[in-house]
Protein chains: 2
Amino acid sequence: MGRIEYKNNDRFLLAVDCIIFGFDGSGIKALLVKRALEPEAGKWSLMGGFAQQNESIDDAAARILLNLTGLDKIYMEQLYCFGDLDRDPGGRVVSIAYFALIKIDASDNDKLEEHQAKWIDLKKLPPLVFDHKKMIKLAKERLQQKVSNHPVGFELLPHKFTLQQLQALYEAIFERSFDKRNFTRKILSLGILQRLDEKEKTSSKKGAFFYVFDKKKYKQLESEGIQMI
Amino acid sequence: MGRIEYKNNDRFLLAVDCIIFGFDGSGIKALLVKRALEPEAGKWSLMGGFAQQNESIDDAAARILLNLTGLDKIYMEQLYCFGDLDRDPGGRVVSIAYFALIKIDASDNDKLEEHQAKWIDLKKLPPLVFDHKKMIKLAKERLQQKVSNHPVGFELLPHKFTLQQLQALYEAIFERSFDKRNFTRKILSLGILQRLDEKEKTSSKKGAFFYVFDKKKYKQLESEGIQMI
DNA sequence: AAAATTAAGTGTATTATCAACATTTAATAT
DNA sequence: ATATTAAATGTTGATAATACACTTAATTTT
């Protein structure tokens, strides 16, 4: 019984690779590191690591994210399992990719430096090791899909944000522009934003109101399904 | 170089489990087997098996499907990687679930009997081993999502089908009814169905025209995105 | 104090899509 | 010739999506 079964089956190295997205006000960025291990050491790579026997795969992903950024309780979602034979020239490694959304300035800069990590705009990606480019491409598509139906975009913004920041985020994610009037009306009509009595004044004389995402109101609406955009 | 890296990392058993969907004209069915291995041998289970070192994970899924049904070149899609610590009481096994869509009467009956496999309506699922119920639930949600935007429903129908069969399929997938007039108009307006000069006559005196999915027309439209329903 | 500047904030008209609803038609059976 | 059966089809109203430009609030300059 128990751990004695399945003795004669092949065993695999399981990597977990994290596509970590951030937003700096203009473009969507991915957090990339200089790969520490051979093969391909020193080249640009997603942050990754091997799963361990004593942790779930989700926990492994959270551990690897924490290790790089110092952050926990981060929005994270499994993306896909990459299982091609020759995807890693260092050996047969099956990789489970996760994507995470973080506030770009929340991470621990010392840790980032330790791993030689940099935020790099999705439109200016350098060559990446293995199949990591494919992973980022898929993650971007999934982010578009996710952000259409779920209020996860706020994970990429400061706690307080203006409508123009929110619109800039959506425009960056979808690589297209939206009409300001239509966008504002649509978003506000969802009833999940709360306006503060406080304005952002650096970018205009009039100032733009700050908003916060109202999680409680969202929870009430969640079951019906919500169309963000 | 090559296979000498990564020596000291944990290795995992990788299972592949297949959610195989079929449609019998009224309900969506899953192909379930009586589990052959301990633990939980003899209980209802998804068809599964262990991945091998010499095959990609996609290939492993195709092999397992072929093994049960005798079918290849089947619509198949990776669903999710299930990696919880205790999901399999027989040991630490990470499972990658795939879902497949097949024509219910196309599979090899001898093979099905070999594995004591049965088509079971999603609404009448028996208790299943491990986390297989969760897998089916997720697969059903993914099927709904997939079939909304992609013309994969046809994989579940005979080559020639009537509009009422197609509607019955969508009603089974979404567990709701559609207005016949609206449904017909919407589907035909996509321009991806070709009407044959042939009628299905068993269920009415007038007879209902057969249609086939026109893959060529679809390919032309694919890039724009298509809203099936 | 008045005028100019800047980006924020807002309304309307048009079009397209979705949803609700019942009658006519083709083929066979009586 | 009539009855039967399910298939095929059209219209209307409601809602959502799109396109488009002026007014307003606050500060800066004259």
Side-chain angles (χ1 to χ4, degrees), chain A residues 25-26 144-145 147-149 151 157-158 160-212 221 224-229, chain B residues 25-26 144-145 147-149 151 157-158 160-212 221 224-229:
Chain A
S26 62
Q144 290 182 345
Q145 181 194 309
V147 93
S148 300
N149 307 306
L157 292 174
K160 299 185 293 188
F161 52 87
T162 66
L163 292 177
Q164 4 291 321
Q165 287 176 297
L166 185 61
Q167 180 172 345
L169 171 66
Y170 272 77
E171 292 183 338
I173 291 174
F174 289 99
E175 295 186 61
R176 55 161 287 205
S177 62
F178 293 95
D179 179 86
K180 180 170 58 155
R181 290 157 290 190
N182 294 337
F183 181 86
T184 304
R185 178 159 6 119
K186 180 73 191 285
I187 289 289
L188 290 179
S189 75
L190 298 173
I192 59 174
L193 292 189
Q194 189 185 342
R195 196 177 87 172
L196 305 180
D197 283 331
E198 189 184 350
K199 282 185 165 183
E200 202 288 320
K201 306 284 291 264
T202 66
S203 65
S204 93
K205 290 164 183 173
K206 183 177 180 179
F209 280 106
F210 277 118
Y211 288 78
V212 293
L221 301 171
E224 305 160 31
I226 195 163
Q227 196 62 24
M228 295 292 292
I229 205 74
Chain B
S26 63
Q144 289 182 344
Q145 180 194 308
V147 93
S148 299
N149 308 306
L157 292 174
K160 299 185 294 187
F161 53 85
T162 66
L163 291 177
Q164 3 290 320
Q165 287 176 298
L166 185 61
Q167 180 171 345
L169 171 66
Y170 272 78
E171 292 183 338
I173 291 174
F174 289 99
E175 296 186 60
R176 54 162 288 205
S177 62
F178 294 94
D179 179 88
K180 180 168 58 155
R181 290 157 290 190
N182 293 338
F183 181 85
T184 304
R185 181 165 359 130
K186 181 73 190 287
I187 290 290
L188 291 180
S189 75
L190 298 174
I192 59 174
L193 292 189
Q194 189 185 342
R195 197 176 85 173
L196 304 181
D197 283 330
E198 189 185 348
K199 282 185 165 184
E200 202 288 320
K201 303 286 289 267
T202 65
S203 64
S204 94
K205 291 165 182 169
K206 183 177 180 179
F209 280 107
F210 277 118
Y211 287 78
V212 293
L221 301 170
E224 305 160 31
I226 195 163
Q227 196 63 24
M228 295 292 292
I229 206 72

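Order of the sequence lines fixes the chain letters, A, B, ..., with proteins taken first and strands second; residue numbering starts at 1 for each chain. Bear in mind that the values here come from a model prediction, so they are computed numbers and not experimental data.
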Original post:
Quick one: M228(A) CE to dA17(D) P, roughly how many Å, whole number?
Top reply: 14 Å
Check: protein-nucleotides 26-30 of chain D nitrogen or oxygen pairs below 3.5 Å:
{"residue": "dA26(D)", "atom": "O3'", "partner": "K201(A)", "partner atom": "NZ", "Å": "3.4"}
{"residue": "dT27(D)", "atom": "OP1", "partner": "K201(A)", "partner atom": "NZ", "Å": "3.1"}

Original post:
So, do T162(B) and F210(B) sit near enough that their side-chain heavy atoms are less than 4.5 Å apart?
Top reply: yes
**OP:** Take the C1' atoms of the five end pairs on each side of the helix from dA1(C)-dT30(D) to dT30(C)-dA1(D), derive the two axes, and give their angle rounded to 10 degrees.
**Re:** 20°
Subject >> Rounded distance (Å) that lies between atom P of dT24(C) and atom NZ of K180(B) >> reply: 15 Å
Subject >> 5′-ward residue of the pair L188(A)/S203(A) relative to DNA chain C >> reply: S203(A)
**OP:** Find the distance F210(B):CZ to dA6(D):P and express it as a whole number of Å.
**Re:** 17 Å
Subject >> I173(B) backbone acceptor or donor facing Q144(B) side chain under 3.5 Å >> reply: yes
Subject >> Flag side-chain contact, heavy atom, 4.5 Å: T202(A) against E200(A) >> reply: yes
**OP:** List the atom of K201(B), the atom of G207(B), and the distance in Å for their closest heavy-atom pair.
**Re:** CD-CA, 3.7 Å
Original post:
How are the rings of F178(B) and F183(B) set relative to one another: parallel (under 30°), tilted (30 to 60°) or perpendicular (over 60°)?
Top reply: tilted
**OP:** Take the protein atom CZ of R195(B) and the nucleotide atom C1' of dA8(D), then report the distance between them rounded to whole Å.
**Re:** 10 Å
Subject >> Closest non-hydrogen atom pair between K160(A) and E198(A), with its separation >> reply: NZ-OE2, 2.8 Å
**OP:** Check whether any side-chain heavy atom of Y211(B) lies under 4.5 Å from a side-chain heavy atom of L166(B), and answer yes or no.
**Re:** no
Original post:
Side chains of L190(A) and M228(A): closer than 4.5 Å at any heavy-atom pair?
Top reply: yes
Original post:
To the nearest Å, how far apart are Q164(A) CD and dT6(C) C1'?
Top reply: 13 Å
Subject >> Nearest non-hydrogen partners of D179(B) and N182(B), listed with the distance >> reply: OD2-N, 3.0 Å
Subject >> Exercise: identify the closest heavy-atom pair between K199(B) and K206(B) >> reply: NZ-O, 3.3 Å
Original post:
What is the distance from CZ of F209(B) to P of dA6(D), rounded to the nearest Å?
Top reply: 18 Å
Subject >> Residue pair V147(A) / L169(A), side-chain heavy-atom distance below 4.5 Å >> reply: no
Identify all pairs in which a protein N or O lies below 3.5 Å from an N or O of nucleotides 17-20 of chain C, and state each distance.
{"residue": "dA19(C)", "atom": "N6", "partner": "R185(B)", "partner atom": "NH1", "Å": "3.4"}
{"residue": "dA20(C)", "atom": "N7", "partner": "N182(B)", "partner atom": "ND2", "Å": "3.0"}
{"residue": "dA20(C)", "atom": "N6", "partner": "N182(B)", "partner atom": "OD1", "Å": "3.1"}

**OP:** Could you tell me the separation between the CD atom of E200(B) and the P atom of dA27(C), rounded to a whole number of Å?
**Re:** 14 Å
**OP:** Report the distance from atom CD1 of I187(B) to atom C1' of dA8(D), rounded to the nearest whole Å.
**Re:** 16 Å
